[in-house]
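Notes for the one structure printed next.
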There are 2 protein chains.
Amino acid sequence: MQKTSLSQEIHQLHADICSALADPTRILILYSLAEGSSTVNELVTHLEASQPTISRHLKILRERGLVSANRQGQTVEYSLTDPRIIDALDTLRAVLRDSLARRANLITS
Amino acid sequence: MQKTSLSQEIHQLHADICSALADPTRILILYSLAEGSSTVNELVTHLEASQPTISRHLKILRERGLVSANRQGQTVEYSLTDPRIIDALDTLRAVLRDSLARRANLITS
DNA sequence: TGGACATATATGGATAAGCAGATATATTAA
DNA sequence: TTAATATATCTGCTTATCCATATATGTCCA
């Protein structure tokens with residue numbers, strides 16, 4: 001498998017998408033955008049993080065194609081590029097839930 | 001949202017699962033295990049990585065509940081804990097594919 | 001028209017924490 | 001002891017956050 005550098009590059013890009021999801025703040029941003037586009041300031045208010053922090057996270061999500069930016073005069077509206085990102089996050093959340101339940105059973109039984 | 005530390009902790013665990021996927025070698029391990037359980041040495045041979053490297057990646061996947069270890073005498077068989085992990089990875093791969101296609105169109109058009 | 005200023009967003013630099021790989025070594029079972 | 005797997009330690013690289021500042025757009029007003 002993965003002998004060619006092209007295939008390695010695909011796996012790297014795949015990992016890059018996953019690492020874009022590997023931060024609680026970015027997960028919150030994505031779920032927030034799933035309910036509708038937001039400006040940077042709306043996200044700052046909603047998620048209670050500093051403006052530079054939100055902007056940096058948005059940059060990462062933007063570079064990896066997960067969100068799109070759209071300037072509307074003074075503000076910039078961010079939106080989810082692909083709703084399947086939420087599907088994937090939900091699936092992983094379900095995996096997490098069952099994993100925690102399994103561990104809990106190991107303790108109680 | 002996410003005011004309580006419990007909810008923050010869930011988001012952290014969610015991010016931890018995602019960060020387990022955020023490495024090309026671990027993605028290869030997961031796809032490999034999706035086709036059947038393997039021992040550590042089989043993965044080392046198959047993925048052409050060093051044994052300590054594979055073991056460390058397996059530890060990360062194990063701690064986050066994505067794979068299970070099962071000692072069989074001298075060897076340890078690793079298997080996928082939940083096939084939905086592959087569903088999520090496939091979904092993200094599809095998102096990646098479309099994202100790359102979109103960028104390609106931007107260039108050609 | 002053209003500043004001067006205000007608001008919204010992005011970025012640069014520094015610091016600190018986390019993570020991947022390599023080598024060497026410890027553990028476990030036969 | 002040997003084979004299989006796990007871990008410890010070190011090194012270098014990536015990343016998150018903070019603070020300060022830069023950029024971009026819009027408004028007010030002479």
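All values reported here derive from a predicted model rather than from experimental measurement. Residue numbers start from 1 in every chain, and the chains themselves are labelled A, B, ... in the order their sequence lines are given, proteins ahead of strands.
Here D/dA4 presents its C1' atom at 14 Å from CD1 of B/Ile54, a figure rounded to the nearest Å. Between the P atom of D/dA24 and the CD atom of A/Glu77 lies a distance of 20 Å, rounded to the nearest Å. Atom CG of A/Asn70 and atom P of D/dA24 are 17 Å apart (whole Å). Across the protein-nucleic acid pair, A/Ile29 atom CD1 and C/dT9 atom C1' stand 14 Å apart, rounded to whole Å. Rounded to whole Å, atom P of D/dT15 lies 13 Å from atom CG of A/Leu61. Rounded to an integer number of Å, the gap from CD of A/Gln72 to P of D/dT25 is 13 Å. Note: CG (A/Leu43) to P (C/dT9) measures 9 Å, nearest angstrom.
Between A/Asn41 and the phosphate of C/dT9, there is a side-chain N or O to OP1/OP2 separation shorter than 4.0 Å. Contact annotation: A/Tyr78 does not reach the phosphate of C/dA8 (side-chain N/O to OP1 or OP2, under 4.0 Å).
Within the nucleic acid shown, A/Thr75 comes within 4.0 Å of sugar-phosphate atoms alone, with no base atom in reach, counting heavy atoms only.
Judged as a salt bridge (Lys or Arg N to Asp or Glu O under 4.0 Å), the pairs with a partner in residues 87-100 of chain A (not counting sequence neighbours) are, in order, A/Asp98-B/Arg84.
Among residues two or more places apart in sequence or in another chain, the side chain to side chain contact (heavy atoms under 4.5 Å, CB included) test is passed with B/Thr75 by B/Thr39, B/Gln72. A search for salt bridge (charged side-chain N to carboxylate O under 4.0 Å, His left out) contacts involving A/Arg62 returns nothing, not counting sequence neighbours. In this view, B/Leu13 and A/Leu96, A/Leu100, B/Asp16 satisfy the side chain to side chain contact (heavy atoms under 4.5 Å, CB included) rule, not counting sequence neighbours. Among residues two or more places apart in sequence or in another chain, the side chain to side chain contact (heavy atoms under 4.5 Å, CB included) test is passed with B/Ser19 by A/Ala22, B/Arg64.
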* To do: Could you encode protein contacts along nucleotides 16-28 of chain C as a string, one character per nucleotide from 5' to 3', using B for base contact, S for sugar-phosphate-only contact and - for no contact, with a heavy-atom cut-off of under 4.0 Å?
  => ----BBSBB----
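No donor-acceptor pair under 3.5 Å is formed between the side chain of B/Thr91 and the backbone N or O of A/Ala88.
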